[in-house]
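None of the values given here were measured: they were computed from a predicted structure. Just follow the structure's listing: the first ligand is 1, and inside any ligand the first atom is 1.
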Amino acid sequence: WILGLGAMVQIAVAAPISISGNDVALKFNSEKGEQRTLVMPDGKTVKYVAYEKIYYVTNVEDSTYQYLNFYVPESALATEAGVPIFFRTYTGGYMAAKAEKPSETDATGRALLEGYAVCIPGSRGWNAEVSGQNGKTTFTGRAPAGLVDLKAAIRYLRFNDAIMPGDAEKIITDGTSAGGAMSALLGTTGNNPAYEPYLKAMGAANARDDVYASVCYCPITDLNHADMAYEWLYGCTNRKKRQLNDDQDAVSKELAAAYPAYLNSLGLKRADGTPLTDQNYLDYIKHFLIKSAQKAIAEGGVLPDDAGIIYYKPNKGGSSEFVVDIDMDQYLNYVVSTQPLKTPPAFDALHVLTDKPTPENQLFGDRTGNSVNFTSFSLLKATGNANAELDSHIQELVRIMNPMNFIQDSNSTHARYWYIRHGARDRDTSFPVPVNLATKLMNAGYEVDFALPWNRPHTGDYNLDDLFDWIKQIL
Ligand code: DHB
């Protein structure tokens, strides 16, 4: 089967080892734990046992990244009931991420404090490289390496569920940005056969990789439509300030014009069943922003720069005010005034061989280190050839790195519970990307807790009280 796969994967794969060999090599060793204590910012302490540097595949290609760390609070060791496993990826910028230790300042420390097991997997990314004996560098982490690494880590937890602390049927994935995208992929692609050849070749455990819940902070996803969405949303912003040259301005307008067809093809609906189209979609985004602003006021926050952007109405009988409307053009210009926009196309840069490639150009690039275009739009512009076609291999990589393609795929086992956040002034990708993801999941019947938290830039693992209240609810 490796021959059959060869053209598609373009990697040299070590000879497959037998499943019984995997069974032994991937067995969890409970004697290797080490006792530690985490001190939280408020002085509370959590005692836990650390199991570190556990390789989760047998054909390890990149020993810097392809292992996981696993942490169990002592409270969980003392009970028979399996506690949930909080699975935190530190992938950012679609780069490689090492398996980290739990931190008192993010959701991993908080998860231990709540009595949950924590798994922090390493995973390859576009910048992961190994040097061969021939002196050649191989980029090991091009798509879909990072994702299949995370899936292999989940399979390891399932495979060892009977002998490991924690309940592998209660895995909650968490990540930010590219990591938020990975979390969304883990939640939508469970057990999907599209990834099977990669997992087999890596020597992943023979086990399921679906998860219980997915936490996605500012997911940078739907990469092949993100350029259009960006220009469509931000087309109203001040072009002079954006300092686009005539070519870039033309590219922006073309991309923006292409977005409605895609948006309308999704057939999304509001919670009350109203069909969403490019005609009413800005109002839909606005209703999330109004909710977010109202929550910020209710929590005592001060809304920045409200002159002409936000319209208030005095609260009944109270002195506090609540938001009734937002001028979207003004609001979007305000967002851009806090951080300049990316240059169009925001994700699939033109001329990837001469310009600075984006993380996404590198993600879909090959193992020699080349960057590539991954949308027809940018490929046509870059080559000047109206008949240029994306390589079918790249098209397939783009497909399997996009969770939007798997929400309605009956070959996936989906996470039932979703917690999706994207900051109300995060411009790393445009609001329609997370809004579409959340809405498509909601329309498909999954339980989705979605918000655009007020005044938040591109960050993750915030409002941990909210997150862990939600986790308690879904358990
Ligand atoms: C991330 C941010 C980006 O703007 C992007 O295009 C890809 C990834 C990140 O922070 O992970």
- Message: Under the salt bridge (charged side-chain N to carboxylate O under 4.0 Å, His left out) definition, can you give me all pairs with a residue in residues 424-434, not counting sequence neighbours?
- Response: none

- Query: Looking at F347, which atoms of ligand 1 are within less than 4.0 Å of one of its heavy atoms?
  - Reply: 6 (O)

- Message: For Y212 and Y417, take the angle between the two ring planes, folded into 0 to 90°, and tell me which bin it lands in: parallel under 30, tilted 30 to 60, perpendicular over 60.
- Response: tilted

- Note on the structure: Out of K342, R427, H458, the nearest non-hydrogen contact to atom 4 (O) of ligand 1 is supplied by K342

- Message: Within ligand 1, which atoms have a heavy atom of G92 less than 4.0 Å away?
- Response: 11 (O)

Which pairs would a plain distance check flag for residues 467-475, meaning a side-chain donor or acceptor within less than 3.5 Å of a matching protein atom at least two apart in sequence or in another chain?
unit_1 : atom_1 : unit_2 : atom_2 : d
K472   : NZ     : E114   : OE1    : 3.2

- Count the heavy atoms belonging to other residues, nucleotides or ligands that lie under 6.0 Å from CD of E389, then report whether that count exceeds 12. no

- Tell me, with the steps shown, if D210 and T413 meet side chain to side chain donor-acceptor pair (under 3.5 Å). CA-CA 6 Å; D210 57 292; T413 311; 4.8 Å; no

- Looking only at protein heavy atoms, which one is nearest to atom 8 (C) of ligand 1, and how far off is it? G93 CA, 3.5 Å

- Query: What protein heavy atom is closest to atom 10 (O) of ligand 1, reported as residue, atom name and distance in Å?
  - Reply: S177 OG, 2.7 Å

- Answer yes or no: does an N/O atom from A178 fall short of 3.5 Å to an N/O atom of ligand 1? yes

- Evaluate the ring-ring contact (aromatic ring centres under 6.0 Å, His included) criterion for residues Y259 and H225: first the C-alpha distance (whole Å), next the side-chain angles of each, then the deciding distance (0.1 Å), finally the verdict. CA-CA 8 Å; Y259 190 58; H225 303 106; 7.9 Å; no

- Task: Can you pull out the closest protein heavy atom to atom 3 (C) of ligand 1? Residue, atom name and distance to 0.1 Å, please.
- Result: D428 OD2, 3.4 Å

- Is there a heavy atom in E360 that sits closer than 4.0 Å to ligand 1? yes

